[in-house]
Trainee: 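Sending over a structure as structure tokens; questions will come in a sec.
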4 protein chains.
Amino acid sequence: MIKVGIIGSTGYAGQELVRLLLGHKYAEIVWYGSRSYIDKKYADVFGNMFKLVDSKCMDDNMEELAQAVDVIFTATPQGLCASLVSDDILNKVKIIDLSADFRIKDVAVYEKWYGITHKSPQFIPEAVYGLCEINREDIKGARLVANPGCYTTCSILSAYPLMKEGLIDPQSLIIDAKSGTSGAGRGAKLDNLYCEVNENIKAYGVGTHRHTPEIEEQLGYAAGEPVVISFTPHLVPMNRGILVTAYASLKKDVSWPQIRSAYEKYYGNEKFIRLLDENVCPQTRWVEGSNYVDINFKVDPRTHRVIIMGAIDNLVKGAAGQAVQNMNLMFGLAEDEGLDLVPLFP
Amino acid sequence: MIKVGIIGSTGYAGQELVRLLLGHKYAEIVWYGSRSYIDKKYADVFGNMFKLVDSKCMDDNMEELAQAVDVIFTATPQGLCASLVSDDILNKVKIIDLSADFRIKDVAVYEKWYGITHKSPQFIPEAVYGLCEINREDIKGARLVANPGCYTTCSILSAYPLMKEGLIDPQSLIIDAKSGTSGAGRGAKLDNLYCEVNENIKAYGVGTHRHTPEIEEQLGYAAGEPVVISFTPHLVPMNRGILVTAYASLKKDVSWPQIRSAYEKYYGNEKFIRLLDENVCPQTRWVEGSNYVDINFKVDPRTHRVIIMGAIDNLVKGAAGQAVQNMNLMFGLAEDEGLDLVPLFP
Amino acid sequence: MIKVGIIGSTGYAGQELVRLLLGHKYAEIVWYGSRSYIDKKYADVFGNMFKLVDSKCMDDNMEELAQAVDVIFTATPQGLCASLVSDDILNKVKIIDLSADFRIKDVAVYEKWYGITHKSPQFIPEAVYGLCEINREDIKGARLVANPGCYTTCSILSAYPLMKEGLIDPQSLIIDAKSGTSGAGRGAKLDNLYCEVNENIKAYGVGTHRHTPEIEEQLGYAAGEPVVISFTPHLVPMNRGILVTAYASLKKDVSWPQIRSAYEKYYGNEKFIRLLDENVCPQTRWVEGSNYVDINFKVDPRTHRVIIMGAIDNLVKGAAGQAVQNMNLMFGLAEDEGLDLVPLFP
Amino acid sequence: MIKVGIIGSTGYAGQELVRLLLGHKYAEIVWYGSRSYIDKKYADVFGNMFKLVDSKCMDDNMEELAQAVDVIFTATPQGLCASLVSDDILNKVKIIDLSADFRIKDVAVYEKWYGITHKSPQFIPEAVYGLCEINREDIKGARLVANPGCYTTCSILSAYPLMKEGLIDPQSLIIDAKSGTSGAGRGAKLDNLYCEVNENIKAYGVGTHRHTPEIEEQLGYAAGEPVVISFTPHLVPMNRGILVTAYASLKKDVSWPQIRSAYEKYYGNEKFIRLLDENVCPQTRWVEGSNYVDINFKVDPRTHRVIIMGAIDNLVKGAAGQAVQNMNLMFGLAEDEGLDLVPLFP
């Protein structure tokens, strides 16, 4: 039985981790970390866990945790994981960091976009970017996995095969992304009040959203050259779900079958990626509560562009589900253990 | 492996059955019945099932089905199950009827409230009312189970111990119920359009809703006398969930501990019923996607009334989950097989 | 031109006052009070007001305000208005208080339910309860009007004629009320976050909600005896709207036409009260954005109860609209000036 | 008093016309046309109109209508207006067509995208495209106005100044649009049911949406060359609102002030267009219920692109409001008569 500690277990991603791990045959949560709710019963914070979780929330003592558990998930604000990690800790326990601290290889890029000084740049080289479908083998041997962002997971997976196979002009990529409100976190902010979000859609962080460099770095590896993209996130009045609509100019004469083949080449055997039938558009309702990524594309002969669409549940494949998938890989379990989740509809 | 056939698999309750049975270790769906979508791939009707269900929808041939499966779920409009059932069929296969056809013992009451002639009144006596927490033993031996209605499940379970223990005036019970929109079915009706339901709440079927006699009959058994109640359903802009708020006059000197004891007496060992801590109100968000019934109550000394509150997911404990629970009982399985569902939040 | 000052102009009710007064021919807002946003442009707080309101938010200096304006609306937390009012102020300016400070005549009841000491009990006797349809004449001459609460307005108006005419047992009244989330205010609280409210319904303040004594006091006047009621509010995932479903035992032999006549007697000439056609249930979507109260009832011969239903927009008839209606009465204007609002649908 | 007839008054756009015209000082609706509800009271179809509209729905007899009214609004499916119009009719009455029949000058383009044969191509040349801010003078003298589509209005107005001033590469324009569900109409279709739309976002009509050629034609006039764009609409779980996010490559060295100047040149004096302050993103909640178009843009130096954002209420500026604006122009009234609508929030 893998002993699990969660730092930041009372955010939306942390709570989703709890939901998933409760159904995991080989993992057991022994530490519900939460600075905000120390000594409060976890089930008093999340009523859904009543009769399912008896534990109380605990402070996040990394040293003590490293003794007590086999793996730590950090579902915390940027900077916290970097400030807690050490070689000593990493020798005792595996870490899966759901924050951005170790996602970006270029520390200068990280510090510029996040506006903070990185506390542990020395661990960046060994941290593995935990996008399982792309970096599966490296994840298996990692001590420290940087779990990708929600927008990022959906964006990269949607565009990856086309970048990798050189079917699109890499500099032409424009990603217009739409997210449910759980992506904004559980902080008590005016902008996230029901009456402010409901009956509204807005773009935010235009040209400045922090997931941009993460997408660029990973897609740059795929393209074999630095990639600069437009990325615009939007807030949608729904709880869960991310939809990515991406636009790119096709290289000369690239056809629908070539694109389809590229997707099948990389994802044909991937359990969690579903290439939809031609002309079927991904919808967030069809992946809710599951670890699936639904992907499809449309070739527009009028503009010589491809329109790529991807949908995920931001809290599952975009956070907790992918974290569990990473854990499974790191501990030699079946990759889908605990993740056989049928999407919940309606 | 229990072979399962579903008649009416493309309604919301039918689809939820599919979701639950896909995670059931000892059951396998071999017949996806749907008059509306014959020969269409099930996953084309419900995109969430893509890569999970390969089957096509089939017509509902009861004879053929009785040969092919061990249990039939009928998630169909009123009257259909009654028109299909026969002694021959019941000798070959168990039936769990999610419609109202066999819920009400008094056929005259059924015919009056539903406005149709009952096609098979001869099977009413043997049909067992499938409220597992109340009729567990009878369900185990049944050939034909009448799966309770969604409002009904929540209403009866919330009030049952108080009726049974004689703590309230049985004729004083008023049930004000609120339901998510999936309870209205998947029919393409103007009243159920997004723009009509969203940003709205309304009562409907005031004094005439068909779940009324079902509640009255079952609570009458508990009270040991015929019970006449007020029942008012409301439509709420959300997908899933039923909340029942019920009001009853307390018998003289009945106190909070007595009421609490009554609930504990009947539900203390029930896995799917959660008696909340004092002063915690049930909320539909805490049971979504699960088979739980969350119950609590408040004694109001000013009015000498008790206010009872109950919350369920109408598609799970109010339909498909309870149906699976019934199946488990009928086939001698663990009652919670396939129903270890952690509520999904947010 | 009536010069208007608003204290608390950046809450939802305050902002609705601004919306309504911008369309009022004889009133002009000269003071946008807001402690939280002093010196910030009002249109930066509420983007809908861009190009419509140029003013900045100001602190709430009652003395200065009393010089500058003809009427002050206080849309503030409980206790503030009571702490600011004085005889000197009331000699200079009319006050319409949207808080509860002057709604309850019995100061002991106020202090018990609100848990605060009343700072100006000496003004309670002269304060007029601003339910226009009931207290029209008294409002016309008032210096200080206590604008009713949102639940209260809907509850009282729905039940008033039946209490007044003695058609129901006054002690049998049970009010089950449902409110949109704007009723919870614009404070940044976790419970009001989008993801907490969406896909959820809950009761709250069961047996203890502060609008209870206000309803009881007013209905007690109508009944001619003290009235004790059950009142249960619920939070519904929508922005605006209150629906009241009330239950009462009919006095012997009271019939549908008698009840209808009672409503027509009191409301037949009321512009803002719409008695719906028989069997039509009030719905919040039909009153959104307007000052209407939609009322109807159903007689249930099985239980000898009447089920009364009422719907309002909590921010209009439940707050700002009624406040403007009061202002119109106090200043001798047409009662509906600025309130010719066609409900917005969908 | 302008006598108004509405054909298709029981769709969402038709009903919004009724709402707006009820507040119009110089217009009076004398004909509520609706094939689906002939002889039914209009207020029985739309409960918000109870006590406001007494009329019954009538069939759409164009001849009779032309005698009875001064202007006809056709809020009907494509093809109907073209099949009803004639020279005789146009000599008697002005027509404002809210369908697409007369929006596209190139009849071949219309027939290709809409898949129907145009019944009255002879009136296309004289029909004026009713985008008031662009074609104001031509509208004043028109007999037949083609009221623009909802996506179209928002898209064209957002990009127009940049096309007109040559600040962007016209062929680089990509429009990612998001619409509330009222845009899908009031037909009882499964895809528009509450449970299908709620908690979901999807793209649809990718590369094939019928508003595409309309946008291209109008922006082509502005650019002075044929323009081919990518246009992707999305369905968002909200009632009203359209948000357009558009991407275009800037011509060399174009700067923020140049772009701002271009917007101010064309829209600086437009009452219904609000250029937001720098860095403020348009949001649909700030325009709900009003005739405003909120526009802003961001220059992204990393990609040399401009991201343009526009927000409207699809039923007001995207349909009924613009139709009334056109009527005002055609009848020599103040352009904003009846359109002084303060956006409703929340």
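Below, read A as the first sequence line, B as the second, and so on, with proteins coming before strands; counting in each chain starts at 1.
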Trainee: Could you tell me which of D:T208, D:I307, D:N239, D:I242 has the largest number of non-hydrogen atom pairs under 4.5 Å with chain A?
Mentor: D:N239
Trainee: Go through A:D176, A:T303, A:D300, A:L243 and name the one with the most non-hydrogen pairs under 4.5 angstrom from chain D.
Mentor: A:D176
Trainee: Find the one option among D:G180, D:G207, D:G241, D:C195 whose heavy-atom pairs under 4.5 Å with chain A are most numerous.
Mentor: D:C195
Trainee: Pick one of side chain, backbone, both or neither for D:R305, based on which atoms fall under 4.5 Å of a heavy atom in chain A.
Mentor: side chain
Trainee: At a heavy-atom separation under 4.5 Å, does A:L173 approach chain D through its side chain, its backbone, both, or neither?
Mentor: backbone
Trainee: Could you measure the distance from the CD atom of A:E199 to the OG1 atom of D:T284? Nearest 0.5 Å is fine.
Mentor: 7.5 Å
Trainee: If contact means a heavy atom pair closer than 4.5 Å, which residues of residues 211-223 of chain D contact chain A?
Mentor: D:T212, D:E216
Trainee: In terms of heavy-atom proximity below 4.5 Å to chain A, should D:L193 be classed as side chain, backbone, both, or neither?
Mentor: neither
Trainee: Side chain, backbone, both or neither: which part of A:V236 has a heavy atom under 4.5 Å from chain D?
Mentor: side chain
Trainee: A:I201 versus chain D, heavy atoms under 4.5 Å apart: side chain, backbone, both or neither?
Mentor: both
Trainee: Do side-chain atoms of D:N200 reach the backbone of A:R285 as a donor and acceptor pair under 3.5 angstrom?
Mentor: yes
Trainee: Please flag which part of D:E196 lies under 4.5 Å from any non-hydrogen atom of chain A: side chain, backbone, both or neither.
Mentor: both
Trainee: Under 4.5 Å heavy-atom distance to chain D, tell me which part of A:Y194 shows up: side chain, backbone, both or neither.
Mentor: neither
Trainee: Which members of residues 226-234 of chain D, sorted by number, sit under 4.5 angstrom from chain A on a heavy-atom basis?
Mentor: D:V228, D:I229, D:S230, D:T232, D:H234
Trainee: Which atoms of A:P282 come close to chain D, meaning under 4.5 Å heavy atom to heavy atom: side chain ones, backbone ones, both, or neither?
Mentor: backbone
Trainee: Between chain D and each of A:R240, A:K298, A:E288, A:K178, count heavy-atom pairs under 4.5 Å; write down the option with the most.
Mentor: A:K178
